[in-house]
Amino acid sequence: MTQEAKKDKKFTMTLPADELMACGHLACQGCGATLAMRYMLKAVGQKAILCIPACCWAVIDGPYPYSSMDVPIYHCAFETAASTATGVKAGLEMTGDTGTTVVAWAGDGGTFDIGIQALSGAAERNEDIIYVCYDNEAYMNTGIQRSSATPFGAWTTTTPVKHFKNRPKKDIVAIMAAHKIPYVATASVAYPEDFVRKMKKAKEIKGTRFFHVYAPCPTGWKSRPDDTIKLARMAVQIGYFPLIEIENGEKTTLNMMIKQRKPVDEYLRLQGRFRHLQPEQVAAIQAQIDTRWEHLLRGCTV
Amino acid sequence: MKKVIMGNHALSYGAMLSRAQVISAYPITPQTQVVELLSEMCADGTLNAQFIKVESEHSAMASCIGASAAGARAFTATSSQGLALMHEMLHWAGGGRHPIVMGEVNRSMAPGWSIWADQNDSLSQRDTGWMQFYCASNQEVLDTVIQAFKVAETLMLPAMVILDAFALSHTYEVVDVPDQALVDKFLPPFKPAIKLDPADPRAFGGLTGSEHYMELRYKLEKDMEKAPALIEETGREYEKLFGRRLGLIDPYRCEDADFVFVTSGTAGYTARVAVDELRASGVKAGNLRMKLFRPFPFQAVREVLAKVKKAAVVDRNCSYGAGGIFYQEVKSAVYGWPGMPPILGYVTGLGGRDITTDSFKEIAAHAAARDRADEEIVWIGVKK
């Protein structure tokens, strides 16, 4: 906490002050994934081990022999975040360490696509790990190729404007909840208090805990770096990325009720990846959001 | 204690006596009983280990790597397609310097679907940074697992203990199962110098630029080169306690032989019978059974071959377009060394086809008429 903040009696710091992530990392300007890591570590603390597969964070941490993190990291293969973390947890327990939190930390490619088999396997066995997917809605580390987390309408280098993504985003939260694991949550870098609260809650739960974290990518979204938080906040407020928790695959809680949801237009307008969309396509996206929101409200406690 | 056990269970007992702490495996014929018995041992407390019942072989190796990185002794077993599915992670275990031991039941690759023996599965993994031990008896399987852990953990390199599908995996033999206290004396607990530890945070396996990568691989190669001497030394130590040792090769009647077969796996024992029969008919034959394939025991092989007039390498595998893999490697081991005999190559026994004493006699007769190999790969036992 800064000296100025301490002097300001109206200022209350709700997030842990500890920083386990150092400056000098290799993220792009305005990277949402970097904030996601920072908040996760504030919540989980130093007694943690990360398993990071191929993804932006495989680079952000810094090259061998450096690391910008004050926790151990195992850089694992693309599709193995969940299975490597499973082994790390078992290895720790067998060597007498039962208090360390093991976190698998993967992007949407390593989670929604290539890593889903290992993730599903770990969740079915209810392995005692926290799995965090930071979702920037494409393969950003290899240069903006579509993933199954890429939303309808978006441009990527493999879904060019003439053939933009014409399928909806895979509903990873529903898939993970269907495994009946103890805890599934969404979180956003625009709402760090909500993120940290949920992560602290998850840390106390035994079994597989899954986080879907919304992490904008200015490079891939063709958005301004200083719009990252704005976009992340808008995604929640338009109902595109609701903040929820699902416990044991059954009890769904909506953490933030949005009574007056704004239309999707401005959210799309701030991102170059949607620039090509025609009004009818924007209307289709709005309709998808409305349908999912209504579906969510029917099934959850608020 | 002497027990009559199948080769697969010899692997399980080896892992148990080595006090493996994490076992992560997926069943595949003909490896299945390895993990079934280990699963029972973990469930009833015979073995104090966590058994991770993963959803694929790829995940099996990934979680063994995670467990090993966390400082635990890890074991798995697989075969054929399962090993192929693991291939990416074998590089990870080798390059990441994780001393995992894996039982590998040699089974042919599909298509066509085959559950029977040949070596193309394990030999396809020769460049992944794993040691490879080829076994010819259930006793050797069990003894090799224990010694492989010791060598692997000294060098921080993974090791495969390889046995033929059905010829060993499902064949029951008398095996002397060593006393646990003696094994504990031989094999101390795994204590890596560095591991995943929040009190000493380090990043493993990160992005590595061209200014560092080559040095990491150089160290791997240099440590691999230490293995033959270490295996011999470890074998002598094991022999003092248990009366048996691992060794790099298993020569049979090679001392005064004019002609030797070079073999591996169970074919090596069939070759012994053929050698005796050939000797009875006047051919001074011998057999050089390869136990270690990676690292390649260059010196040991050269010492044997320097004394003979001709050698025939009998491969239960084929690198299509270049012939048997042991053949290529044996040839390269003797190339340029003075006094070495002609090396001839033969492929046989693929997909579980029997390799019999007649196969060896056919090879000996064929080899007798040749002074050097040409490019044509000679196949033995192919139906016309």
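First the proteins, then the strands, lettered A, B, ... as listed; each starts at 1.
- Within a 6.0 Å sphere centred on OH of A:Tyr66, other residues, nucleotides and ligands contribute 12 heavy atoms or fewer.
- Proximity to chain B involves both the backbone and the side chain of A:Ala118, based on heavy atoms less than 4.5 angstrom apart.
- Residue with the most contacts toward chain B among A:Gly121, A:Ser67, A:Ala77, A:Pro63: A:Ala77 (heavy-atom pairs, distance under 4.5 Å).
- Checked options A:Lys89, A:Met94, A:Glu93; the residue passing with B:Val22 is A:Met94 (criterion: side-chain contact (heavy atoms from CB on, under 4.5 Å)).
- Options A:Glu124, A:Lys47, A:Arg125, A:Met69 differ in how many heavy-atom pairs under 4.5 Å they form with chain B, and the most are formed by A:Arg125.
- Atom-to-atom distance recorded for A:Leu92:CG and B:Lys195:NZ is 8.0 Å, nearest 0.5 angstrom.
- Counting all heavy atoms, side chain and backbone alike, B:Gln50 lies closest to A:Ala90 at OE1-CB, 3.5 Å.
- Heavy-atom pairs under 4.5 Å with chain A peak, among B:Gly71, B:Ala69, B:Ala72, at B:Ala72.
- Ring-plane geometry between A:Tyr74 and B:Phe204 is classed as parallel, the angle between the planes falling under 30 degrees on a 0 to 90 degree scale with a further cut at 60.
- Within a 6.0 Å sphere centred on OH of B:Tyr26, other residues, nucleotides and ligands contribute 12 heavy atoms or fewer.
- Proximity of B:Phe190 to A:Thr95: side-chain heavy atoms (C-beta onward) are nowhere separated by under 4.5 Å.
- Proximity to chain A involves both the backbone and the side chain of B:Gln21, based on heavy atoms less than 4.5 angstrom apart.
- Rounding to the nearest 0.5 Å gives a distance of 10.0 Å between CG of B:Leu196 and CG of A:Leu50.
- Atom CD of A:Gln29 has 12 or fewer neighbouring heavy atoms from other residues, nucleotides or ligands inside a 6.0 Å radius.
- At a heavy-atom cut-off of under 4.5 Å, chain A is reached by B:Ile52, B:Lys53, B:Val54, B:Glu55, B:Ser56, B:His58, B:Ser59, B:Ala62, B:Ser63, B:Ile65, B:Gly66 from residues 51-66 of chain B, listed in order of number.
- A:Asp70 touches chain B through backbone and side chain together, each having a heavy atom under 4.5 Å away.
- Between B:Ala203 and A:Asp61 the shortest heavy-atom distance is CB-OD2, 3.9 Å.
- Counting non-hydrogen atoms of neighbouring residues, nucleotides and ligands closer than 6.0 angstrom, the CZ atom of A:Arg167 reaches no more than 12 such neighbours.
- Looking at B:Asp197, the atoms closer than 4.5 Å to chain A (heavy atoms on both sides) all sit in the backbone: N, CA, C or O.
- Chosen from A:Pro72, A:Gly91, A:Ser120, A:Pro65, the residue pairing most often with chain B at heavy-atom distances under 4.5 Å is A:Pro72.
- Contacts from residues 79-88 of chain A to chain B, taken as heavy-atom pairs separated by less than 4.5 Å, involve A:Glu79, A:Thr80, A:Ser83, A:Thr84, A:Thr86, A:Gly87, A:Val88 in sequence order.
- Surrounding CG of B:Asp179 are more than 12 heavy atoms belonging to other residues, nucleotides or ligands, all under 6.0 Å away.
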